[in-house]
Amino acid sequence: NCSQLRVLDLGKNAFFGEIPTWTGESLQNLIVLSLKSNKFHGNIPYQLCHLGFIQVLDLSLNIISGKIPKCFNNFSAMTYERCSNPTIGFAKLIFVPAGTGYYYKYLVNLLLTWKGSENEYKSTLGLVRCLDLS
């Protein structure tokens, strides 16, 4: 029921089975989906093609087989040359009964592996475009 979820990082767990199709059906606002380093097997579900805002899709280090869905060419957010915000974050102002507010900000960070080297992206994650099926 988290239809507004923007980042889902379930990497480096012991999840197994097929990649859930509901991920692409119910979480269409995802910007980041990392399922790396698990034990997912089977085909990549075509429902992932519904992730129209996806900028980082990491399915690496699983036991996935089969063809890459042709609809992966629908990932239009990966083709944008310019990004209005280099960060992926959230900010919220919460009002408390005394009439004052509390403001908090959260910047998303993500570890991505490029050419065997793991790097953390935080302040520039919004600029990253990554599709890792290795």
Side-chain angles (χ1 to χ4, degrees):
N1 293 328
C2 299
S3 62
Q4 297 305 309
L5 192 66
R6 308 286 296 217
V7 176
L8 182 59
D9 183 354
L10 299 175
K12 296 184 179 180
N13 284 285
F15 294 122
F16 61 92
E18 295 185 354
I19 296 173
T21 59
W22 59 261
T23 307
E25 295 168 341
S26 301
L27 303 176
Q28 294 182 12
N29 289 309
L30 284 179
I31 297 172
V32 174
L33 174 60
S34 177
L35 302 176
K36 71 179 179 180
S37 298
N38 281 290
K39 297 175 185 174
F40 289 113
H41 62 80
N43 295 326
I44 299 171
Y46 74 90
Q47 288 87 349
L48 292 184
C49 296
H50 297 297
L51 301 174
F53 299 104
I54 200 76
Q55 292 177 209
V56 176
L57 177 60
D58 191 347
L59 305 178
S60 64
L61 302 172
N62 283 285
I63 315 166
I64 298 171
S65 59
K67 295 181 179 181
I68 299 169
K70 289 184 179 183
C71 56
F72 268 30
N73 65 357
N74 294 338
F75 293 148
S76 58
M78 288 192 181
T79 65
Y80 297 153
E81 289 185 28
R82 297 176 193 232
C83 178
S84 61
N85 192 350
T87 62
I88 297 175
F90 309 94
K92 186 157 186 150
L93 179 62
I94 300 174
F95 290 102
V96 291
T100 61
Y102 175 73
Y103 179 77
Y104 71 90
K105 185 175 182 180
Y106 174 77
L107 289 180
V108 176
N109 67 318
L110 187 67
L111 292 173
L112 294 172
T113 303
W114 295 64
K115 299 194 180 239
S117 178
E118 193 170 61
N119 298 292
E120 181 180 23
Y121 292 86
K122 187 172 186 174
S123 61
T124 58
L125 182 58
L127 303 174
V128 174
R129 306 295 187 264
C130 177
L131 176 62
D132 192 345
L133 306 177
S134 63

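Predicted model only: the values in this text are computed from it and were never measured.
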Would you indicate whether the side-chain heavy atoms of Thr23 and Leu35 approach each other to under 4.5 Å?
-> no

The side chain to side chain contact (heavy atoms under 4.5 Å, CB included) partners of Glu25 (sequence neighbours excluded) come to Thr21, Trp22, Gln47

So do Met78 and Ile54 actually touch side chain to side chain, heavy atoms under 4.5 Å?
-> yes

Between Trp114 and Cys130 the two heavy atoms that sit nearest each other are CZ2-CB, 4.3 Å

Non-hydrogen side-chain atoms of Leu5 and Asn29 separated by less than 4.5 Å | no

What pairs with Phe40 under ring pair (Phe, Tyr, Trp, His ring centres under 6.0 Å), at least two apart in sequence or on another chain?
-> none

Could you tell me which residues satisfy side chain to side chain contact (heavy atoms under 4.5 Å, CB included) with Asn43, sequence neighbours excluded, listed by chain and number?
-> Ser65

Sequence-distant partners of Ser134, side chain to side chain contact (heavy atoms under 4.5 Å, CB included), two or more places apart = Ser60, Asp132

What's the shortest heavy-atom distance between Ala77 and Gly52, and which atoms?
-> CB-O, 3.7 Å

Only pairs at least two apart or in different chains count here, so list each salt bridge (Lys or Arg N to Asp or Glu O under 4.0 Å) that has a residue in residues 26-50.
-> Lys36-Glu118

Are the side chains of Leu110 and Asp9 in touch, meaning some heavy atoms are under 4.5 Å apart?
-> yes

Within 6.0 Å of CD1 in Ile68, more than 12 heavy atoms from elsewhere | no

Got a sec, which residues hit side chain to side chain contact (heavy atoms under 4.5 Å, CB included) with Asn109, two or more places apart in sequence or on another chain?
-> Tyr106, Glu120, Lys122

